[in-house]
Amino acid sequence: MKKKSDNDRGLMRRQTLIAVKVCFLFLAVCIISPSPSWAASGGWKWRFDLVSPEAKSPFLMPTSLFIEVGSKRFYVVESGGGSLHSFQFDGSYLNTFSPGDALKQPFAMARDVKLGTLWVVEKGRNSLTKIDLKAKKLSPETLKFKGEIVYPDRLTMLDDKLYVLNKLSGDVIAYNQDLASLAVYKSPGEGFIDFIVKNSELWALDSRMKTISRFNLKGKLKEQITLADNVSFPVAVEIGPSGFLYVLDKHQGAIVVFDSSGKFKYSFLQKGHTKNRLYLPENIVFDPLGRLCVVDTGNGRIGIFSR
């Protein structure tokens, strides 16, 4: 009986030791490995919001964000308020350009650093308007391409060239600063809804076809990427520092991430009104610090996210 009892006690000790080892192993895995929610979001976290400088209230329908790398400034286009606001990269408010009722539903902007002028898409005038800040002069211009009127929508600038999305045709057109057309980036499908110019290439998003077309800057189509079926209504595209494609889904209020071939990687954020949610977002932009800036139109703010 004594021998059997000793064997039982030895077995119990071994079982206890195994249980302790399993517990330590489990704790180690929990500490070292990211939580499922962290992993699923790619590690992105909300940092702060850009909001209206007046009592830090929401913007009235913000529609786009322009980032000036040299001066480290954000420029927010507030369409509903007919205003342009500037902020430092840490979120500190700098200035507001609000010329009474002079701006008619501004939608997008770009800034020429060398000349100190602004270019603003005004939906209310259907114009691309040049603003001389020193002279306080606004010069609305009706864009044309091959004799036809252009309906400007999204806008960006690289060097001395302006790139404009024509809402009517769904094509992107490049202009010089005399507004003479230089090149066209024709949609091979239903028409583009957004585009970016990065790494000496132009990338354009077709929302209905759920494709991204990649062009050289002369207008030649180099590749068409079909996105995996993980988006319902894509409205904006960006390229992350690692080369992944970040797509903004307006209906889901989410950022959906794909690799360079269009294969789904992960998604983060969702529809709602708290700091980690989006409501009818309009655009996304990466800043030079690798932060993702989201134009959260329905919530009246620009959300800044980082890893």
Side-chain angles (χ1 to χ4, degrees), residues 46-125 127-140 152-157 162 164-165 194 196 235-236 238 248 273 275 277-289 291-306:
W46 173 86
R47 300 303 178 186
F48 61 90
D49 289 328
L50 301 179
V51 293
S52 175
E54 295 182 5
K56 295 186 177 180
S57 59
F59 290 116
L60 183 58
M61 195 177 170
T63 50
S64 69
L65 178 72
F66 177 75
I67 297 177
E68 191 174 279
V69 177
S71 63
K72 298 182 179 180
R73 291 184 180 182
F74 296 122
Y75 290 87
V76 178
V77 178
E78 185 184 21
S79 184
S83 302
L84 311 175
H85 307 278
S86 60
F87 297 81
Q88 293 179 340
F89 271 9
D90 63 0
S92 302
Y93 168 72
L94 290 172
N95 202 359
T96 293
F97 179 73
S98 183
D101 296 327
L103 286 177
K104 306 296 184 182
Q105 298 176 33
F107 183 79
M109 68 155 282
R111 184 170 186 266
D112 186 321
V113 180
K114 293 180 180 178
L115 299 178
T117 55
L118 302 180
W119 292 92
V120 179
V121 171
E122 291 188 82
K123 293 280 189 172
R125 283 194 177 98
S127 69
L128 181 61
T129 300
K130 184 179 180 180
I131 301 176
D132 186 332
L133 293 175
K134 292 182 179 179
K136 297 181 180 180
K137 181 181 179 182
L138 281 73
S139 304
D153 190 76
R154 299 290 174 92
L155 169 71
T156 194
M157 190 171 189
L162 296 159
V164 180
L165 175 62
D194 185 42
I196 55 173
V235 294
E238 250 288 18
L248 177 63
H273 301 285
K275 66 183 181 182
R277 294 172 183 261
L278 308 174
Y279 192 73
L280 300 178
E282 187 69 37
N283 209 348
I284 51 175
V285 188
F286 271 104
D287 72 10
L289 302 179
R291 299 178 301 187
L292 186 62
C293 310
V294 184
V295 181
D296 189 1
T297 303
N299 286 317
R301 63 196 180 197
I302 311 297
I304 311 296
F305 298 83
S306 70

Min side-chain heavy-atom separation Val77-Val120 under 4.5 Å: no
Heavy-atom pair with the smallest gap, counting every atom of Ile302 and Cys293: CG2-CB, 4.4 Å
Cation-pi check, Lys72 onto Phe89 ring (under 6.0 Å, within 45° of axis): no
For the student: nearest non-hydrogen atoms of Glu282 and Thr297, plus distance: CB-OG1, 3.1 Å
Heavy-atom side-chain proximity of Leu103 to Leu84 below 4.5 angstrom: yes
Straight-line distance of Asp153 CG to Leu165 CG, nearest 0.5 Å: 5.0 Å
Arg47 and Ser306: side chain donor to acceptor below 3.5 Å: yes
CG/Asp90: more than 12 non-hydrogen atoms of other groups inside 6.0 Å: yes
Over 12 non-hydrogen atoms of neighbours within 6.0 angstrom of CZ in Phe48: yes
Value rounded to 0.5 Å, distance of NZ in Lys56 from CG in Asp49: 11.5 Å
From Leu138 atom CG to Ile131 atom CD1, the distance as rounded to the nearest 0.5 Å: 4.5 Å
Non-hydrogen atoms of Leu65 and Val285 that approach each other most closely: O-CG2, 3.8 Å
Check: Tyr279 main-chain N/O paired with Asp296 side-chain donor or acceptor under 3.5 Å: yes
Thr129 side-chain N/O to Ser139 backbone N/O, donor-acceptor pair under 3.5 Å: no
Rounded distance (nearest 0.5 Å) linking atom CZ of Arg73 with atom OG of Ser86: 6.0 Å
Lys104 NZ: over 12 foreign heavy atoms closer than 6.0 Å: yes
Spacing of Trp119 atom CH2 and Met157 atom CE [to the nearest 0.5 Å]: 7.5 Å
Expected output: side-chain Ser98 to main-chain Ser83 donor-acceptor under 3.5 Å: no
Phe74, Phe66, Phe59, Phe97 screened by ring-ring contact (aromatic ring centres under 6.0 Å, His included) with His85, the one that passes: Phe59
Heavy-atom closest pair, residues Pro152 and Ser127: CG-O, 3.8 Å
Nearest heavy-atom neighbours spanning Phe305 and Lys275: CZ-O, 4.0 Å
Thr96 and Glu78, any side-chain heavy atoms less than 4.5 Å apart: no
Passing candidate, side chain to side chain contact (heavy atoms under 4.5 Å, CB included) with Leu162, options Leu128, Asp112, Thr156: Leu128
Asp194 side, atom CG; Glu238 side, atom CD - distance, nearest 0.5 Å: 8.5 Å
Contact summary for Asn299 and His273, nearest pair of heavy atoms: OD1-ND1, 2.8 Å
Beyond-backbone contact of Arg301 with Pro58, side-chain heavy atoms, under 4.5 angstrom: no
Non-hydrogen side-chain atoms of Leu292 and Phe286 separated by less than 4.5 Å: yes
